[in-house]
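Quick notes on the structure that follows.
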Amino acid sequence: MCRVVDLQQAVLAKNDACAHTLREDLAARGTALVNLLSSPGSGKTALLERELTLARERGIPVAALTADLATENDAVRLARSDVPVKQILTDGLCHLEAEMLGGHLKDWLPADTRLLFIENVGNLVCPASYDLGETLRVVLASVTEGEDKPLKYPTAFGLAHLVVVTKTDIAEAVSFDGEEFRANVERVNPGVEVHLTSVRQGVGEGVLLDRALAARDGAPVHIPVMTRTSHHVHDDGEPQPCDEHSADLGTVASSRS
Amino acid sequence: MHEMSIALAVVDQVDGAARPAGATAVRSVRLQVGELAGVVPDALTFSFQLACAGTALEGADLDIEPVPARARCGACARIWPPGMPPRLTCPGCDGTDTELLSGRELQIVRVCWHDTAPHPPISQER
Ligand SMILES: Nc1nc2c(ncn2[C@@H]2O[C@H](COP(=O)(O)OP(=O)(O)OP(=O)(O)O)[C@@H](O)[C@H]2O)c(=O)[nH]1
Ligand SMILES: [Mg+2]
Ligand SMILES: [Zn+2]
Ligand SMILES: [Zn+2]
Ligand SMILES: [Zn+2]
């Protein structure tokens, strides 16, 4: 006998539930999460090292986690900023998921952290599908990648709260057309802010940090059209419990409340 | 690969619903995949077969129902298909106060399974 059951569950319901729990747990400790997405080599680590250093100089407690398939290179670079840094090796997975992230934060995240930056695996495809509990999702693109990337990766750019162009110091050498890039971003994500940066020339220094702090302090964050659905596809179906170990940030969380 | 993670999530959820209900074998799974969900149906079908191996879903069919994207303008009420790459500003008035009516679905809608037990109604806690 074959039975037909109307399950009606979002495929990513479990990740979304974990992300939701993480966001609430972090908010309760006064921490906002910033998720950085880009293709490999766009300059996530370089920009993050600069902004972390700036935060430390300004006395703002921040921390960073960087995810890669292999090597601890990025953690070594980020640690030069002298803020707490941790490397996640994803064991072959090409993106981070909320439950995995929760496990890494447990018993590590310093209690007074105001901003927690996550450098996702360099990949513009699947990290876009996974909410990590971020308050701010930042998508980076370097001038060398061409103006059409927002059109080729519409989900990644379409779900960004903030878009950052990197390596503007070499824009001329690669004939990067900033206006065309902005128009392409606008097409898939109307109204999102686009900022220009160069780590080499100090362009846009502090923009990422300032935007992240503002979001953490409750300033309104851009709402991408792709998430402005009259009917939230991820929200219906039965609530999925998040496994207990990822939901609980561990001893540090309770020491503060 | 992205679609493999998605396939594993589907198998995990279906298995989690089917097993407690006394299912012995899952025959088919119907999935809605929105045009803007960022998932490639062919790659998902391929990954699904691999993800099912050794579970109650072994040999199950994946039935993908594509959902076209539709957007609506808040200013002029126009409704349009954004296309690919999507155009999410209004083609009528260039407005940016727009919303997506459909196209981001990634949803398990229906599952068919065999069971042994005489039929207690499936509890749909909601
Ligand atoms: N000219 C120039 N080069 C830069 C800039 N930012 C980063 N780079 C260079 O770009 C290369 C990649 O930078 P990373 O910071 O490692 O990029 P990433 O996005 O972290 O790379 P993955 O983590 O491997 O995905 C390095 O050689 C950097 O030195 C910049 O502002 N200007
Ligand atoms: Mg890096
Ligand atoms: Zn992935
Ligand atoms: Zn992928
Ligand atoms: Zn309009």
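The sequence lines fix the lettering, A, B, ..., with proteins before strands; numbering per chain opens at 1. Predicted model, so just to flag it, every value in this text is computed and none were measured.
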Could you work out, with side-chain hydrogen bond (donor to acceptor under 3.5 Å, both in side chains) as the rule, every residue matching B/R110, not counting sequence neighbours?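 Applying side-chain hydrogen bond (donor to acceptor under 3.5 Å, both in side chains) to B/R110 gives A/D6.
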Do the side-chain N and O atoms of A/Q87 and A/D74 include a donor-acceptor pair separated by under 3.5 angstrom?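 No pair is found: no donor N or O on one side chain lies under 3.5 Å from an acceptor on the other.
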Between the side chains of A/N35 and A/N120, does any donor sit under 3.5 Å from an acceptor?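 Note: A/N35 and A/N120 side chains meet the donor-acceptor criterion.
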Interchain contact, B/A69 with chain A, by part (heavy-atom threshold 4.5 Å):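 Contact with chain A: none, neither part.
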Toward chain B, the part of A/E97 with a non-hydrogen atom under 4.5 Å: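 Only the side chain of A/E97 comes within 4.5 Å of chain B.
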Is A/L124 close to chain B through its backbone or its side chain, or both, or neither, when contacts mean heavy atoms under 4.5 Å?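 Contact with chain B involves no heavy atom of A/L124 at all.
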Just to be sure I understand the criterion: a residue of residues 187-197 of chain A counts if one of its heavy atoms is under 4.5 Å from a heavy atom of chain B. Which ones qualify?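 Counting heavy atoms that sit under 4.5 Å from chain B, the residues of residues 187-197 of chain A involved are A/R187, A/V188, A/P190.
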Are the side chain of [X] and the backbone of [Y] linked by a donor-acceptor contact shorter than 3.5 Å?
| X | Y | answer |
| --- | --- | --- |
| B/T98 | B/L88 | yes |
| B/W113 | B/V14 | no |
| B/R72 | B/L101 | no |

If you count heavy-atom pairs within less than 4.5 Å of chain B, which of A/N15, A/V225, A/T155 leads?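 Highest number of heavy-atom pairs under 4.5 Å: A/V225.
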Considering only residues two or more places apart or on different chains, which pairs with a residue in residues 23-48 of chain B satisfy salt bridge (Lys or Arg N to Asp or Glu O under 4.0 Å)?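 Counting only pairs at least two positions apart or across chains, the salt bridge (Lys or Arg N to Asp or Glu O under 4.0 Å) contacts touching residues 23-48 of chain B are B/R30-B/D63, B/R30-B/E65.
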Give every residue pair that meets the ring-ring contact (aromatic ring centres under 6.0 Å, His included) criterion with at least one member in residues 119-166 of chain A, sequence neighbours excluded.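 Pairs touching residues 119-166 of chain A that pass the test: A/H95-A/Y130.
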